[in-house]
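Everything on this sheet refers to the single structure shown next.
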Amino acid sequence: MNIAQLVVRAGRSYASQPALFQGDRLLCNYGKLATCVARLAGGLRARGLTAGERVALIMKNCPQYVELLFACWHAGLVVVPVNAKLHPKEFRYVLEHSGARGCFVTTELAEAVEGISGELPDVAWVEDVSGEAYRRLTEAEPAEAAAVNPTDTAWLFYTSGTTGRPKGAMLSHRNLLTMSMSYFIDVDSIAPSDCIVHAAPMSHGSGLYVLPHVAAAAAHVLPDSGGFEPEEILALIRNHSGVSFFAAPTMVTRLMAHPQVASADMTNLKTIIYGGGPMYLEDCKRAIAVFGNRLAQIYGQGESPMTITALGKHHFANSRHPRYNGRLGSVGVPHTAVEVVVVDQDGRSLPAGVTGEVLVRGDSVMSGYWRDPEASAETLKGGWLHSGDMASFDEDGFLTLKDRSKDVIISGGTNIYPREVEEVLLTDPRLFEVAVIGRKHADWGEEVVAFVVTKPGRQIERAELDALCLEHIARFKRPKDYYFIDALPKNNYGKVLKIELRRMLADNEVAS
């Protein structure tokens, strides 16, 4: 099935249902959206694009993002969504590596992309979605949805590349449909009267969650800012119904910290789906206190988009369960559509309570990396996606992430998982953010150090942090140094860049 059939169906069966909003302003219903998609697809075909060719979207969040996702699929093309916050050199790499035939941009990015596209012979055109040429595309003769194989690539997702060149995960129509169905089964229900606010980048999780919301004929709300501004989000919650949005944990903590949140009307807030990094236990409890039972967590990767495990609202509501805190600190239970196992270094399945690497298989898992057969074979060996994440199951099948395998600290031959130390430190209400890494040590191999960000106007002594750690974890896990900094370095998706912290440490850019 061509994933574009979701908008075809919505346009036929829910034609008058609101589809796209810019802030509070209704732009079109599903009937008009489906017509626009078919016309755009016709215009793309008229430009000579053929099935399987790639079209890049280097755009801030905007209504045209939804139109173009489905128009490309409608025409049988592959979408290459690119984070708008990347450097032009990174744009160039993705455009060149993907072999994109064309690129759509928002106005503020047009000059940067046009400046590099001339050096790339595969890129035939760069189109500003606010321009006249794009408007003419929306008036082309409508096309029928292309016939595709379920395994044909639909979305070419480039990983964030925090440890090297990004790789392009090939996600098929079947992968995306599986992800969409998994949302309804394992994450949340959606009604046509609901909406999703796209405050996180649509090149990533928020864009993927366009699909289940189109399937349900729910509305898409694009903030006027094009991103995440807490005050604007609170206003959109007040003015729309059944509001959901996808957020990185750092976005949730920013929203909680906003001075207006205490008096905000949350009646219309339905669900905050968070993922892309750990929500520490204390932050999770604070979020429940602020927002009520409106949290849902997903754990996934670009290689199995948004679909490995989930912690649903019913889990958050079950506060009387004897292992409630453990469940809040977990990433939930495996999605219905996938198998998830935890294995040792020899690939043997491990029992509950024992930490190993997370492996995943199922219809959401990518077919491989674009133009990288060696990395594909390594990551998908044995028919399983090797996630690189270290975790353990509990006796009830809830998965708790420890860390990325590369982030585990090995001190004196013993594994220390940074997240365990971070969780303890964040129980102090004076701390805003914490990241724990390993520092080279001549005798022990590595030792634990912590980077600490305090809340505005708050101070804490190292001795207090030591005492807190010694109260809750073994002495050998206690950080040997604390580095107080203004903010943790993050990538464009809000993930903490521990590789940058290691560089700062190696270059003596911080003092304890």
Side-chain angles (χ1 to χ4, degrees), residues 83-87 90 160-163 199-201 225-234 247-262 274 276-287 290 403-404 406-407 409 418-440 446-469 478-512:
N83 192 306
K85 295 180 180 178
L86 295 182
H87 189 278
E90 296 171 299
S160 54
T162 58
T163 58
S225 68
F228 181 80
E229 297 295 338
E231 189 170 339
E232 183 180 28
I233 297 302
L234 294 174
T250 52
M251 294 165 64
V252 180
T253 55
R254 278 184 62 199
L255 189 60
M256 280 193 293
H258 194 274
Q260 291 184 11
V261 77
Y274 68 90
M279 175 80 85
Y280 296 108
L281 180 60
E282 291 304 311
D283 286 339
C284 193
K285 288 180 176 179
R286 284 194 286 268
V290 171
D403 273 290
R404 293 288 294 171
K406 61 181 172 56
D407 289 334
I409 300 165
R419 182 176 176 181
E420 181 184 6
V421 184
E422 292 163 354
E423 290 272 16
V424 169
L425 291 170
L426 282 169
T427 60
D428 191 294
R430 290 169 289 183
L431 299 189
F432 180 64
E433 292 182 311
V434 172
V436 168
I437 64 171
R439 182 175 65 187
K440 289 183 180 179
E446 289 183 293
E447 61 184 0
V448 179
V449 297
F451 287 78
V452 176
V453 180
T454 58
K455 292 179 180 177
R458 308 299 295 273
Q459 291 183 326
I460 189 168
E461 298 296 325
R462 289 169 174 79
E464 294 177 276
L465 295 175
D466 278 342
L468 181 63
C469 289
R478 174 179 58 87
K480 303 303 182 288
D481 262 323
Y482 301 94
Y483 297 94
F484 290 85
I485 58 177
D486 293 333
L488 297 178
K490 300 180 181 71
N491 71 5
N492 293 313
Y493 295 118
K495 293 183 180 180
V496 174
L497 293 173
K498 291 193 173 182
I499 190 172
E500 177 65 12
L501 294 175
R502 295 186 189 99
R503 185 200 63 75
M504 291 164 61
L505 205 57
D507 294 347
N508 294 314
E509 292 184 9
V510 289
S512 60

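Keep in mind that the numbers below use all heavy atoms, side chains included, and drop hydrogens, waters and symmetry copies.
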- Query: Would D466 and Y482 satisfy side chain to side chain contact (heavy atoms under 4.5 Å, CB included), going step by step from the backbone distance to the final call?
  - Reply: CA-CA 10 Å; D466 278 342; Y482 301 94; 2.8 Å; yes

Report the distance from atom [atom1] of [X] to atom [atom2] of [Y], rounding to the nearest 0.5 Å.
X: L255; Y: L234; atom1: CG; atom2: CG; value: 5.0 Å
X: H258; Y: I233; atom1: NE2; atom2: CD1; value: 11.0 Å
X: F484; Y: I460; atom1: CZ; atom2: CD1; value: 6.5 Å
X: D481; Y: L465; atom1: CG; atom2: CG; value: 12.0 Å
X: T454; Y: R430; atom1: OG1; atom2: CZ; value: 10.0 Å
X: E500; Y: K490; atom1: CD; atom2: NZ; value: 12.5 Å

**Asked** Using 4.0 Å as the upper bound for N to carboxylate O, is an ion pair formed by E422 and K498?
**Response** yes

_Salt bridge or not between K455 and D428? Use side-chain N to carboxylate O under 4.0 Å._
no

Measuring only between side-chain heavy atoms, which start at C-beta, is [X] closer than 4.5 Å to [Y]?
X: P489; Y: L501; result: yes
X: Y274; Y: M251; result: no
X: L505; Y: Y483; result: yes
X: P479; Y: V421; result: yes
X: D407; Y: R502; result: yes
X: D486; Y: V453; result: no

Notebook entry, point to check: side chain to side chain contact (heavy atoms under 4.5 Å, CB included) between T250 and L488: does it pass, once the steps are laid out?
Noted result: CA-CA 11 Å; T250 52; L488 297 178; over 6 Å; no

R458 and P429 have their tightest heavy-atom pair at NH1-O, 4.3 Å

On a heavy-atom basis, the closest approach of R478 and C469 is CG-CB, 4.1 Å

Checklist entry - Taking E231 for the side chain and Q260 for the main chain, is one N or O donor matched with an acceptor at less than 3.5 Å? => result no

For this session: Determine yes or no for a side-chain-to-main-chain donor-acceptor pair under 3.5 angstrom, with D507 supplying the side chain and E509 the backbone.
Result: no

- request: Start with the C-alpha gap between Y280 and R419, add the side-chain angles, then the distance that decides, and say whether side chain to side chain contact (heavy atoms under 4.5 Å, CB included) holds.
  value: CA-CA 8 Å; Y280 296 108; R419 182 176 176 181; 3.9 Å; yes

Note to self: Within the supplied structure, the quantity of interest is the number of heavy atoms (other residues, nucleotides, ligands) at a distance under 6.0 Å from K440 NZ; does it exceed 12?
What the structure shows: no

- Message: A quick test of your reading: do over 12 heavy atoms of other residues, nucleotides or ligands sit less than 6.0 Å from NZ of K480?
- Response: yes

- Message: Is there a side chain to side chain contact (heavy atoms under 4.5 Å, CB included) between D283 and V252? Walk through the geometry before answering.
- Response: CA-CA 9 Å; D283 286 339; V252 180; over 6 Å; no

